[in-house]
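All values below were derived from every heavy atom in this structure, side-chain atoms included, with hydrogens, water molecules and symmetry-related copies excluded. Model, not experiment: these values are computed from the prediction.
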Amino acid sequence: MERRAFIGLLGAAAWPLAARAQQPAMPVIGFIRDGSAQGEARWVGGFHKGLIETGYVEGKNVTVEYHWLEGKYDRLPELLADLVRRQVAVIATLSTLPTQVAKTATVTIPIVFGIGADPVELGLVDSFANPGGNVTGVNVLTSDVVAKRLRLLHDLLPNAVRIAVLVDPNNAIITKTTVQDVQKAAPLMGMQTRIINATTVGEINEVFAAFERERPDALFVAPDSFLTSRRVQLATLTARDRIPATYPLRDYVEVGGLMSYGPDFTDMFRHVGVYTGSILKGAKPAELPVLQSNKFDLVINLTTAKAIGIDVPPTLLALADEVVE
């Protein structure tokens with residue numbers, strides 16, 4: 001082969017490599033949630049759906065780095081410092097504390113949150129309509145949810161007085177608001193509440209062991225990622241001990257929990273995905289109003305009710321958005 005032809009072949013072979021080398025790197029999304037990947041796969045599917053709606057497919061034109069805290073909140077400062085140092089394109093924070101830490105970590109990288117607390121009161125945004133700064137997202141309206149859950153519990157068990165309220169003290173903001181709302185609403189229905197803490201699997205077992213000595217009339221489980229990750233354990237223990245319980249999400253009822261009233265988190269994750277994709281396309285967080293989700297579902301597991309000896313009133317069944325049989 002002539003030398004000139006050989007050089008020409010080498011040059012042609014090098015073109016694809018050079019073109020690939022010049023391709024811009026895919027944008028990186030830092031995804032932070034204080035639960036676990038195994039327990040929240042369906043919700044993450046909602047996030048993927050939101051990204052797809054804006055033209056982004058993980059692994060094809062965007063990279064998503066998942067960071068699951070699993071209750072280890074002490075990891076947050078180092079984790080956020082790393083994301084900021086690497087200048088990821090967007091930080092998606094699907095709970096309150098990660099959002100707060102992210103806001104203190106950067107004023108330039110866009111942050112999209114999904115939280116139940118009021119973002120204005122927390123100082124995350126200037127207002128719902130005009131967030132300002134680099135933070136926006138989705139707020140699940142929860143101001144009246146605790147009182148509504150207690151009212152539904154009262155409708156189910158009109159004679160229930162002693163209500164155990166299970167919270168995760170590591171989730172300080174949600175615990176504080178839940179306790180305040182419970183203690184405000186319960187006396188109006190003739191209920192007495194007792195706050196019980198649990199931060200580990202072992203502590204949950206200890207809680208139910210204590211119930212053998214001082215049994216509550218019902219259990220009220222606070223919204224919390226750790227407790228949600230232990231929903232099978234909680235549903236199993238309440239069924240074993242025949243303790244009626246109300247939960248914040250339908251996910252509990254799907255694994256045998258008695259009753260839930262709360263938001264559709266899959267839809268919230270989808271909205272966070274849509275906003276994340278919109279920002280990747282060039283939208284500014286300050287120009288994206290905070291979305292408010294006010295759709296809540298009442299779900300009742302009739303099989304569990306029968307198993308623990310509870311007759312669900314027809315009026316309550318009529319209110320249910322879904323009845324599991």
Grab the two heavy atoms, one from [X] and one from [Y], that are nearest each other, plus how far apart they are.
| X | Y | result |
| --- | --- | --- |
| Ala164 | Phe211 | CB-CZ, 3.9 Å |
| Phe113 | Pro119 | CZ-CB, 3.7 Å |
| Val221 | Leu227 | CG1-CD1, 4.0 Å |
| Gly133 | Pro285 | O-CB, 4.1 Å |
| Pro289 | Ala129 | CB-O, 3.7 Å |
| Ala89 | Pro110 | O-CD, 3.3 Å |

Given 3.5 Å as the limit, does a donor-acceptor pair link the side chain of [X] with the main chain of [Y], or not?
| X | Y | result |
| --- | --- | --- |
| Asp217 | Val161 | yes |
| Asp297 | Asp264 | no |
| Thr178 | Thr175 | no |
| Asp321 | Leu298 | yes |
| Thr106 | Thr108 | yes |
| Asp224 | Leu166 | no |
| Arg149 | Ala222 | no |

Legend entry - Min side-chain heavy-atom separation Arg86-Leu83 under 4.5 Å: yes

Legend entry - pair Leu234-Thr236: side-chain heavy atoms closer than 4.5 Å: no

Inset, instruction - Test salt bridge (charged side-chain N to carboxylate O under 4.0 Å, His left out) on Arg33 and Glu70 and set out the steps. - result: CA-CA 8 Å; Arg33 173 69 176 168; Glu70 298 181 333; over 6 Å; no

So, taking the atom named [atom1] in [X] and the one named [atom2] in [Y], what distance separates them when rounded to the nearest 0.5 Å?
| X | Y | atom1 | atom2 | answer |
| --- | --- | --- | --- | --- |
| Leu319 | Asp155 | CG | CG | 7.5 Å |
| His67 | Leu79 | NE2 | CG | 5.0 Å |
| Arg242 | Thr304 | CZ | OG1 | 11.5 Å |
| Leu122 | Ile173 | CG | CD1 | 5.0 Å |
| Asn301 | Ser260 | CG | OG | 9.5 Å |
| Glu325 | Leu302 | CD | CG | 5.0 Å |

Inset, instruction - Run the numbers on Leu291 and Asn139 for side chain to side chain contact (heavy atoms under 4.5 Å, CB included), then give the verdict. - result: CA-CA 6 Å; Leu291 299 176; Asn139 175 235; over 6 Å; no

Legend entry - Working for side chain to side chain contact (heavy atoms under 4.5 Å, CB included), residues Ile91 and Ile32: CA-CA 8 Å; Ile91 300 174; Ile32 305 176; 4.2 Å; yes

Inset, instruction - Please lay out, stage by stage, how Val28 and Val90 fare under the test side chain to side chain contact (heavy atoms under 4.5 Å, CB included). - result: CA-CA 7 Å; Val28 175; Val90 184; over 6 Å; no

Do NZ/NE/NH1/NH2 and the carboxylate oxygens of [X] and [Y] come within less than 4.0 Å?
| X | Y | result |
| --- | --- | --- |
| Glu214 | Arg162 | no |
| Arg42 | Glu254 | yes |
| Arg85 | Glu78 | no |
| Asp74 | Lys72 | no |

Legend entry - Geometric class of the Trp68/Tyr66 ring pair [parallel <30°, tilted 30-60°, perpendicular >60°]: parallel

Inset, instruction - Measure the acute angle between the ring planes of Phe31 and Phe269, then classify it against the limits of 30° and 60° as parallel, tilted or perpendicular. - result: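 Phe31 vs Phe269 ring planes: tilted.
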
If two hydrophobic side chains count as joined below 4.5 Å and joins carry through other members, does [X] share a cluster with [Y]?
| X | Y | answer |
| --- | --- | --- |
| Ile109 | Val272 | no |
| Ile243 | Tyr261 | yes |
| Leu280 | Phe47 | yes |
| Tyr252 | Leu157 | yes |
| Val138 | Ile52 | no |

Legend entry - Over-ring placement of Arg231 relative to Tyr247, 6.0 Å and 45° cut-offs: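 Output no; distance or angle outside limits.
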
Inset, instruction - Walk me through it: do Tyr73 and Asn170 pass the test side chain to side chain donor-acceptor pair (under 3.5 Å)? - result: CA-CA 8 Å; Tyr73 298 103; Asn170 286 337; over 6 Å; no

Legend entry - Matching residue for Leu288 among Asn130, Ile279, Val135 - test: side chain to side chain contact (heavy atoms under 4.5 Å, CB included): Ile279

